[in-house]
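To start, the structure under review is shown below, and the notes come after it.
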Amino acid sequence: MEKLNSSQEEAVTKSEGRILVLAGAGSGKTRVIIHRILHLLSKGTDPKQILGLTFTNKAAEEMRMRLQSKVGKEVATEVTLSTFHSFCMKILRKEIHHLGYTNEFSLYDDRDEKRLAEEVEFDEVRLKACMRAHNAVTFDGLIQLTIQLFQEFPGILEKVQDRFRYLMIDEYQDTNHSQFLLAELLSSKYNNICVVGDDDQSIYGWRGAEVKNILHFRADHTIKLQENYRSTSTILQAANCLIKKNKNRHPKTLISYLGEGERIEIFHAANEIEEATAIVTKVLEYAEKMPLNEIAILYRSNALSRNLESALLQATYRKDGSWKRGLPYEIYGGLAFAERSEIKDLSAYLRLIANPLDQQALLRIINVPARGISEKTLDTVTAYNRQKNLPLWNLLENLEVTVTDRAKAAIGNFVQLIHRAKRRFASQKLYEALQWLIQEIDYEKVIQNEATTDKGQLFKRDNIQEFISNLAQYEEGAQNPSLQDFTSGYLLESTKAKKGGQDKNKLQLMTFHSAKGLEFTVCFLIGLEDGIVPHEKGMQETSLEEERRLFYVAMTRAKRKLILSMARQRKKWGKDAPCTPSRFLLEIPKNLLIS
DNA sequence: TAAATCCGCCTTTTT
DNA sequence: GGCGGATTTA
């Protein structure tokens, strides 16, 4: 695949105007984006004027690497390739003071936001006022406030427009309303915007993504990339037939050049246990012909991995002349590093030290470890603070509420602690101050309390060490290291659980959703029963289309071999329940299947 | 204040 | 069947 095909060529060279590139699964989307940038550069465009927005850091990073290999590091770093969120974060850290926040604002994650929303009884107006009082911004707020900034201060918008004259957006089918608005604002002066995506792979509607953005994009030119370089024609035909049933889509048909390949296997097990053991047996067969990480087992929901995991642990097989027990696997979708309680606690301390208005951070750790500030005391204090409309922190510093003497003393100690911490963080290395803080508050108490097993405690301590060294690393590398920058970076860079050892030779297990963008030689799709695929809560007309797209995404991950499985009976919340095959299976032509 | 028990729910999760 | 959140109990 050295040369670009004709539609890829067209997508690369149409560099002016509003361009819609409908990039089917496996059609060389990233390659087109990279070549587009190369094409712009070859015409003498200043790399600083090119902006590529992605959804994930991984995608941004991959693009940067591929660009770097073509034009070298120096030019590649001049091109801005970033996620929507970090792009907006950079702007807001400079300009948000125009909107009544300070540039030290905190980033609230979904839980922080939810808790606050409950507090104000889901009153949007009060919520927004509270966010400002806390000097905090939510994920989507990063984008909404950037829009607001651009609308209220056209001068700032124009500066940004003049800087970024060529805009490219990856995975455009996943944009939500504010991302759509942002893209329109950014491109409205020079009118150069190229959006790349696949409406058939829009699977995040439930998170606010709007397929209509890509379905109704006002395009000067639309280019369809329909040549697939990933899968056999059998797999593609099946996927094409399935997705054709959707009404809301740009019609397209993927074509394969890889030959027919083998037919799709269908396997109907008696129950979920037998399904799992049968799959493991088949995996062992394929494992003799290829590295394990070219094989994936995909499922609709995380709960379906359980039986597989136990079957994998029990699997016995011969390798290098001796018998082994337990097939190595890697499972995606554990708790992200930043979501772990010990990391959230320490981040909350850092957030509070950086931004005393950050009330969610304050409330999270005011009694962690337990220091005698009870829920009741907190209730009294927060009620008073709402009534007086004072920041909670100021109230704590200047306690004028009737609480018990014990509580008063405890709060006084806490306030002193934070003041001491502030001085520490201002006067020594951040990571050293953090080490001091962990000792000072005796966080070990929390670990012993929360983790009952030795293993669990060890895990938490490891995570904390990891967190400290992350801070040290950050401090080393950053231009102007700051706590708020560090803590929000943690949320923005979804640092997933550290990938297991360097041994890449592990079977891959993940949900359909997490498989998007990946490919495997052999794919098993399991639990293909009505109620799971499509999910029982997604059976209405519109969500059914998204469920179908999700199944389509899952099918098109397979390069050479696709195996579909289901059970006649499956334990549902502890009880056996009969199952019927997924209605989507009926949409695959029979001649492509074997059972 | 913390432990113990109970109740209600159950998807997917790019930042 | 199992987890998180709420409520009760020591």
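Checking B/dC10, B/dT14, C/dG5 against every side-chain atom of A/Thr56, the shortest atom distance belongs to B/dT14. With distances taken from any side-chain atom of A/Ser301 to the nucleotides B/dT15, B/dT13, B/dT11, the minimum falls on B/dT11. The A/Asp174 side chain lies nearest to B/dT14 when the options are B/dT14, C/dG1, B/dT1. For A/Thr511, the listed nucleotide lying nearest its side chain is B/dT12; candidates were B/dT12, B/dA2, B/dT15. For A/Arg300, taking side-chain heavy atoms from C-beta onward, the closest of the listed nucleotides B/dT1, C/dG5, B/dT12 is B/dT12. Of the candidates B/dT15, B/dT11, B/dT13, the closest approach to any side-chain atom of A/Glu547 belongs to B/dT11. Candidate nucleotides B/dC10, B/dT13, B/dT15 were compared by shortest atom distance to the side chain of A/His513, and B/dT13 ranks first. Closest to the side chain of A/Trp206, out of C/dG2, B/dT12, B/dT15, is B/dT12.
Regarding contacts with the backbone of B/dT14, every side-chain N or O of A/Thr54 stays at 4.0 angstrom or more from both OP1 and OP2. Of the side-chain N and O atoms in A/Asn302, one or more sit less than 4.0 angstrom from OP1 or OP2 of B/dT12. A sub-4.0 Å separation between OP1 or OP2 of B/dC10 and a side-chain N or O of A/Lys537 is present. Residue A/Arg111 places at least one side-chain N or O under 4.0 Å from the OP1 or OP2 atom of C/dG5. Checking the phosphate oxygens (OP1, OP2) of B/dT14, no side-chain nitrogen or oxygen of A/Asn57 falls inside 4.0 Å.
Atom CD in A/Gln179 sits about 12 Å away from atom P in B/dT15, given to the nearest Å. Rounding to whole angstrom units, CG of residue A/Leu378 and C1' of B/dT1 are separated by 13 Å. The interatomic distance linking A/Lys58 (NZ) with B/dT15 (P) rounds to 10 Å, in whole Å. If you take NZ of A/Lys571 and C1' of C/dG2, they are 14 Å apart, rounded to a whole angstrom. Here the P atom of nucleotide B/dA2 and the CZ atom of A/Arg371 are 12 Å apart, to the nearest Å. If you measure from atom CH2 of A/Trp573 to atom C1' of B/dC7, you get 16 Å, rounded to the nearest angstrom. Here C/dG1 presents its C1' atom at 12 Å from CG of A/Asp576, a figure rounded to the nearest Å. We find that NZ of A/Lys572 is positioned 10 Å from C1' of B/dC10, with the value rounded to whole Å.
A/Gly372 comes within 4.0 angstrom of sugar-phosphate atoms only, judged by non-hydrogen atoms across all strands, and of no base. A/Asp140 comes within contact range of no nucleotide atom at all, as no heavy-atom separation falls under 4.0 Å. At the heavy-atom level, A/Phe84 lies nowhere under 4.0 Å from the strands shown. Within 4.0 Å (heavy atoms only), A/Ala370 reaches sugar-phosphate atoms of the nucleic acid but no base atom.
Screening A/Arg351, A/Gln359, A/Arg364, A/His134 for a side-chain hydrogen bond (donor to acceptor under 3.5 Å, both in side chains) with A/Asp112, the sole residue that qualifies is A/Arg351.
A/Arg93 and A/Asn103 are not linked by any side-chain donor-acceptor pair at a separation below 3.5 angstrom, with hydrogens and angles left out of the test.
With the nearest nucleotide of DNA chain B identified for both A/Asp110 and A/Leu550, A/Leu550 has the one nearer the 5' end. Toward the 5' end of DNA chain B, the nearer of the two residues A/Asn367 and A/Thr175, judged by each one's closest nucleotide, is A/Asn367.
Between A/Tyr490 and A/Phe337, the ring planes are tilted. Angles from 30° to 60° get that label.
Within the 4.5 Å cutoff, side-chain heavy atoms of A/Val196 are placed close to those of A/Ile33. When side chains are defined from C-beta on, A/Glu545 counts as touching A/Arg549, because their heavy atoms get closer than 4.5 Å.
For A/Arg207 against B/dT15, a side-chain N or O and a base N or O form a donor-acceptor pair under 3.5 Å.
In this structure, A/Tyr204 does not count as stacked on the base of B/dT13 under the 5.5 Å centre distance and 30° plane angle limits.
Straight-line distance between the C1' atoms of C/dA6 and B/dT11: roughly 24 Å, to the nearest whole Å.
Contact check on A/Lys460 versus A/Glu342 returns a salt bridge, with a Lys/Arg side-chain nitrogen under 4.0 Å from an Asp/Glu carboxylate oxygen.
Ring centroids of A/Phe486 and A/Phe467 are separated by less than 6.0 Å, placing the two rings close together.
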